[in-house]
Undergrad: 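Below is a structure I'd like to ask you about.
Keep in mind that this is a model prediction, so the values were computed, not measured. Order of the sequence lines sets the chain letters (A, B, ...), proteins ahead of strands, with each chain counted from 1.
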Protein chains: 2
Amino acid sequence: MGHQSIDKMAGRHREFDVETALSAATEVFWTQGYDSASMEDLLTAMNINKGSMYNTFGSKRDLFLRVLDRFFKNAQHDMTAKFEAFDNPLDGVREIFRQVTRPADVKDHAKGCFLVNTLGEMCGMDEELATLARNKLLEVETIYLKYLRKGVKNGQIRKEASPELMAKFLLNMWNGMSISRRMYSRKSLEDLVEMQLQLLKP
Amino acid sequence: MGHQSIDKMAGRHREFDVETALSAATEVFWTQGYDSASMEDLLTAMNINKGSMYNTFGSKRDLFLRVLDRFFKNAQHDMTAKFEAFDNPLDGVREIFRQVTRPADVKDHAKGCFLVNTLGEMCGMDEELATLARNKLLEVETIYLKYLRKGVKNGQIRKEASPELMAKFLLNMWNGMSISRRMYSRKSLEDLVEMQLQLLKP
DNA sequence: CCAATAATTGACCAATCAGTACAAAATTAA
DNA sequence: TTAATTTTGTACTGATTGGTCAATTATTGG
């Protein structure tokens with residue numbers, strides 16, 4: 001069966017690029033959610049046929065798992081890169097939340113955060129998928145924690161509050177903004193970020 | 001056709017209580033979301049037949065509109081009552097967020113906030129329903145604003161920040177906690193509330 | 001008692017859902 | 001060239017979707 005490397009393998013070659021297809025599928029799942037995204041929507045976006053999809057990915061659910069995993073790994077890298085680009089973790093946080101206040105495409109506001117959406121859709125419905133999304137969000141929290149600790153040491157982050165709680169606070173802020181961006185102007189979102197960041201300053 | 005008062009009306013009487021049925025439908029829509037809630041799920045919970053439902057409410061969508069409206073009016077009353085029960089608006093806010101940190105039923109954590117869920121599910125998919133949920137959340141914001149202003153006058157709320165921004169902040173906090181309650185312990189949620197409430201204190 | 005009206009019931013409907021089956025096409029190893 | 005293997009394309013499947021319809025039942029006013 002499928003999922004093999006292309007070299008030294010008998011049989012017809014795959015005609016589509018898996019990464020490109022996963023990227024297209026991500027867009028569909030992200031904008032529509034898991035349930036509302038139909039196989040027809042997905043196949044049209046991925047520009048492949050049913051046979052190719054089931055042969056390569058297994059099922060709609062398996063495709064979603066691949067998409068979710070790939071999305072998270074990218075997010076993890078982006079986030080870490082943003083923290084590493086600044087000496088002060090506060091600036092890293094600002095840069096991360098710039099995705100929310102000033103997204104590349106204005107349409108991104110309606111999409112929100114893919115992990116938050118998935119947790120919201122699946123919690124109480126499909127605990128396996130909910131747990132997957134929840135654990136990835138908790139990994140985001142541990143990234144916050146790492147750089148907050150560094151900032152506390154350097155006197156850039158207040159040391160009166162525990163880094164653990166401040167990390168949870170940042171994730172809660174992210175969760176909130178993932179919803180609030182669907183209702184507020186850029187100015188309000190920016191004001192909201194700066195106001196809340198006060199809680200991290202020494 | 002239907003929707004009439006019971007007195008002075010020819011024809012068979014309705015055998016079910018509309019409020020009870022709406023309450024049951026609310027539970028289904030709240031836990032499953034609009035799309036995932038099937039007519040079968042709804043009819044089972046409401047304990048009525050298809051004909052009765054379509055005769056009384058019109059369609060799945062119309063039923064949802066009734067449910068959403070009824071839910072919001074109840075929430076509006078509860079919220080106002082909680083603010084009115086305390087002299088200090090900070091205590092009103094604490095009482096409102098107690099729904100999140102200490103819900104009547106632990107299962108409520110998975111349900112989150114019905115308005116937040118609806119905005120999340122519908123934004124980018126069904127703008128009419130999204131706008132409905134968004135506007136109701138914005139009405140929640142104006143309730144916060146009213147009592148924050150009162151608190152500023154009484155010296156209970158800090159006057160350095162604008163009440164408008166603080167109201168947005170509270171709604172953002174609500175949005176965030178509606179997601180975060182699906183991943184954090186009661187203790188963490190309570191710490192999160194108290195930490196963030198610092199931003200409102202004089 | 002009868003006509004009008006309205007709620008209930010369950011059978012029915014077309015559309016859509018995720019998923020399968022299988023033949024045709026393309027590729028490698030022998 | 002041939003056998004083995006894999007991908008592709010499409011027709012098909014059974015289940016479920018929201019919604020309709022008409023017969024039945026219950027009620028009111030005349």
Undergrad: How sharply is the helix from C:dC1-D:dG30 to C:dA30-D:dT1 bent, taking the axes over five pairs at either end and rounding to 10 degrees?
TA: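 Comparing the axis at each end, I get an angle of 0°.
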Undergrad: Which heavy atom of B:R186 sits nearest a heavy atom of B:T101, and at what distance?
TA: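 Reported closest heavy-atom pair: CG-O, 3.1 Å.
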Undergrad: Rounded off to whole Å, could you give me the OH-to-C1' distance for the B:Y54 and C:dC12 pair?
TA: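 It is 14 Å, rounded to the nearest whole Å.
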Undergrad: Just how far, in rounded Å, is C1' of D:dT8 from CZ of A:F57?
TA: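 Distance, rounded to whole Å: 14 Å.
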Undergrad: Of A:R98, A:R94, A:R102, which meets side-chain hydrogen bond (donor to acceptor under 3.5 Å, both in side chains) against A:E190?
TA: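 Testing A:E190 for a side-chain hydrogen bond (donor to acceptor under 3.5 Å, both in side chains) against A:R98, A:R94, A:R102 leaves exactly one candidate, A:R102.
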Undergrad: Count the heavy atoms belonging to other residues, nucleotides or ligands that lie under 6.0 Å from NZ of A:K187, then report whether that count exceeds 12.
TA: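 Count not over threshold, so no.
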Undergrad: Check nucleotides 9-14 of chain D against the protein and report each pair of N or O atoms closer than 3.5 Å, with its distance, or say if there are none.
TA:
| from | atom 1 | to | atom 2 | distance (Å) |
| --- | --- | --- | --- | --- |
| D:dG9 | OP2 | A:N49 | OD1 | 2.7 |

Undergrad: Could you state the atom-to-atom distance from CG of B:D62 to C1' of D:dG19 in whole Å?
TA: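 Rounded to the whole Å, the gap is 12 Å.
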Undergrad: Would you please indicate if the ring centroids of B:F29 and B:F64 are separated by under 6.0 Å?
TA: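 Ring centroids of B:F29 and B:F64 are less than 6.0 Å from each other.
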Undergrad: Rounded to whole angstroms, how far apart are CZ on A:F16 and C1' on C:dA26?
TA: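 After rounding, the gap between these two atoms is 15 Å.
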Undergrad: Whether B:K60 engages the ring of B:Y34 as a cation-pi pair (distance to the six-membered ring centre under 6.0 angstrom, angle to the ring normal within 45°) should be assessed.
TA: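 Yes, B:K60 lies over the aromatic ring of B:Y34.
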Undergrad: Taking only N and O in the side chain of A:H13, is any of them less than 4.0 Å away from OP1 or OP2 of C:dT28?
TA: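 Answer is yes, contact under 4.0 Å.
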Undergrad: In residues 38-46 of chain A, what residues come within less than 4.0 Å of DNA chain C, judged by heavy atoms?
TA: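 The answer is A:S38, A:M39, A:E40.
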Undergrad: Compare the minimum distances between each of C:dA7, D:dG19, D:dT8 and the side chain of B:N55, then state the nucleotide with the smallest one.
TA: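 Nearest to the side-chain atoms of B:N55, counting from C-beta on, is C:dA7.
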Undergrad: Is there a side-chain contact between A:H109 and A:L189, using heavy atoms and a 4.5 Å cut-off?
TA: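 In contact.
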Undergrad: Taking the inter-plane angle between the rings of B:F83 and B:Y147 on a 0 to 90° scale, is it parallel (under 30°), tilted (30 to 60°) or perpendicular (over 60°)?
TA: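 Answer is parallel, since the angle falls under 30°.
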Undergrad: Quick check: are there more than 12 heavy atoms from other residues, nucleotides or ligands sitting under 6.0 Å from CD of A:Q76?
TA: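 For A:Q76, atom CD is crowded (more than 12 foreign heavy atoms under 6.0 Å).
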Undergrad: Answer yes or no: does atom CD of B:E40 have more than 12 heavy-atom neighbours from other residues, nucleotides or ligands under 6.0 Å?
TA: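 Not more than 12 within 6.0 Å, no.
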Undergrad: Roughly, in whole Å, what's the span from CE in A:M53 to P in C:dC17?
TA: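 So the CE-P distance, A:M53 to C:dC17, works out to 15 Å.
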Undergrad: Using modelled atom types only, decide if a donor and an acceptor are shared between the side chain of B:Q196 and the backbone of B:L192 within a distance under 3.5 Å.
TA: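 Answer holds: yes.
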Undergrad: To the nearest Å, give me how far apart NZ (B:K60) and P (D:dT17) are.
TA: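 For the pair B:K60 NZ and D:dT17 P, the rounded distance is 9 Å.
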Undergrad: Find which nucleotide of DNA chain D each of B:Y34 and A:G11 is nearest to by heavy atoms, and output the residue with the more 5' nucleotide.
TA: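 Result: A:G11.
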Undergrad: Is the closest side-chain donor-acceptor distance between A:Q156 and A:D87 under 3.5 Å?
TA: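 Present: a donor and an acceptor within the cut-off.
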